[in-house]
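What's counted below: heavy atoms across the whole structure, side chains too, no hydrogens, waters or symmetry copies. The sequence lines fix the lettering, A, B, ..., with proteins before strands; numbering per chain opens at 1.
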Amino acid sequence: MRSTKLSHNFFAKNTLWVAKNLLGKYLCRRLPSGKVIDAMITETEAYLGFNDKASHARKGRTKRTEVMFGPPGTIYVYLIYGMYHCLNLVTEKENYPAAVLIRGVAGVNGPGKVCRHFQIDRSLNNQKLGQGLWVEDRRNKKSPLRPDVYRDYEGQVKIKYKKLKRVGVDYAGESKNRPWRFLIAD
DNA sequence: TGCGCGATTCTC
DNA sequence: AGAATCGCGCAT
């Protein structure tokens, strides 16, 4: 089976493109015990730029958001509601605040539960993808396609996805209705 | 130094 | 609908 670890270059692109194209990829984690676990990414959300009123970076560079200004492929983990961690992957170019929130993987729905499943906490914050955490593209041209996967006229593997409003950002004014949540269509 | 809140989840 | 629970950002 062909399996390629995504390079940082993959993340140095338009955040909406990254959020959409992470669907169907595999999130992989080397646990502290050394065991490697993985699951297919099924749901993402994009947080994009200075003018996104839903983004943590809407207030600019702060101690917390500094990581969102870092180089693409950086891991951003924060604690929410004092008890859940959320995993983001930093996108675009350095000094531009953007990231993709991993909202769900196969069998695990919800960003807090994703981090619990993968044993992700803030010790990974500001680290680079690669050692303890990485993403793989496991397109296998010889395996039968799932119902949510198809090929375009050039034979490229594509994934059917839905575009919806982001969750939990009602405070975000004009940004709250942006369709920047992506999930694999069932 | 203090205060209010949140890119959530679970229970009632 | 309400609770749990705490680091961060901003006001004092």
J.: Can a salt bridge be assigned to the pair A/Glu66 and A/Arg61 using a cut-off of 4.0 Å between side-chain N and carboxylate O?
T.: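 Salt bridge: yes.
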J.: Taking for each residue the nucleotide of DNA chain C with the nearest heavy atom, is it A/Lys63 or A/Gly82 whose nucleotide lies nearer the 5' end?
T.: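 Its nearest nucleotide being more 5', the pick is A/Gly82.
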J.: Output yes when A/Asp52 and A/Arg166 qualify as a salt bridge under the 4.0 Å nitrogen-oxygen rule, no when they do not.
T.: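 Yes, this pair counts.
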J.: Between A/Tyr76 (OH) and C/dG7 (P), how many Å, whole number?
T.: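 My rounded result for the distance is 15 Å.
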J.: If each of A/Arg122 and A/Met83 is mapped to the nucleotide of DNA chain C with the nearest heavy atom, which maps nearer the 5' terminus, i.e. the 5' end?
T.: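 Taking each residue's closest nucleotide, the earlier one in sequence belongs to A/Met83.
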J.: How far, in whole Å, is C/dG2 from B/dC5 if one measures between their C1' atoms?
T.: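 Rounded to whole Å, the distance is 16 Å.
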J.: Any donor and acceptor pair, going by atom type alone, linking the side chain of A/Lys5 with main-chain N or O of A/Gly130 inside 3.5 Å?
T.: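 Yes, because the side chain of A/Lys5 sits within donor-acceptor range (under 3.5 Å) of the backbone of A/Gly130.
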J.: A/Ile80 CD1 to C/dA4 C1': how many Å, rounded?
T.: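 Value for this atom pair: 13 Å.
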J.: Quick check, are the ring centers of A/Trp17 and A/Phe182 under 6.0 angstrom apart?
T.: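 Aromatic pair excluded; centres sit 6.0 Å or further apart.
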J.: Applying a 4.0 Å non-hydrogen cut-off, can you work out what A/Arg58 is touching in the nucleic acid: base, sugar-phosphate, or nothing?
T.: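 Touches nothing.
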J.: Pick base, sugar-phosphate or nothing for A/Arg116, based on heavy-atom distances below 4.0 Å to the nucleic acid.
T.: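 Touches sugar-phosphate only.
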J.: Round to the nearest Å and state the distance from A/Leu79 atom CG to C/dG9 atom C1'.
T.: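 In whole Å, C/dG9 C1' and A/Leu79 CG are 15 Å from each other.
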J.: Please report, rounded to the nearest Å, how far the P atom of C/dC6 is from the CG atom of A/Asp121.
T.: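 Atom CG in A/Asp121 sits about 14 Å away from atom P in C/dC6.
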J.: Answer yes when A/Lys13 and A/Glu92 have at least one side-chain N-carboxylate O distance shorter than 4.0 Å, and no when they do not.
T.: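 Salt bridge flag = no for A/Glu92 with A/Lys13.
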J.: Run the salt bridge (Lys or Arg N to Asp or Glu O under 4.0 Å) check on A/Arg103 and A/Glu45 step by step: do they pass?
T.: CA-CA 7 Å; A/Arg103 281 200 66 87; A/Glu45 277 179 0; 3.7 Å; yes
J.: Need two values: the first and the last nucleotide of DNA chain B, 5' to 3', having an atom under 4.0 Å from any heavy-atom of chain A.
T.: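 With heavy atoms of chain A under 4.0 Å away, the range is B/dG6 to B/dC10.
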J.: Looking only at non-hydrogen atoms, find the nearest pair between A/Val77 and A/Asn125 and report the distance.
T.: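 That would be N-OD1, 3.0 Å.
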J.: In the structure I gave you, are the side-chain heavy atoms of A/Arg178 and A/Leu48 within less than 4.5 Å of one another anywhere?
T.: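 Not touching, per the 4.5 Å side-chain cut-off.
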J.: Are the charged groups of A/Asp38 and A/Arg138 less than 4.0 angstrom apart, N to O?
T.: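 Looking at A/Asp38 and A/Arg138, the cut-off is met.
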J.: Near DNA chain B, under 4.0 Å by heavy atom, which residues of residues 42-50 of chain A?
T.: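 Hits under 4.0 Å, by residue number: A/Tyr47.
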J.: Using Watson-Crick and G-U wobble pairs whose two distances are both under 3.5 Å, how do you write the pairing of DNA chain B as dot-bracket, with | for links to another strand?
T.: ||||||.||||.
J.: Would the number of heavy atoms belonging to other residues, nucleotides or ligands and lying under 6.0 Å from NZ of A/Lys163 be above 12?
T.: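 No, not enclosed.
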J.: Rounded to the Å, how far apart are A/Arg64 CZ and C/dG7 P?
T.: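 Computing the A/Arg64:CZ to C/dG7:P distance gives 12 Å.
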J.: Between A/Tyr78 and A/His56, does the ring centre distance come in under 6.0 Å?
T.: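 Ring-ring flag for A/Tyr78/A/His56: true, centres closer than 6.0 Å.
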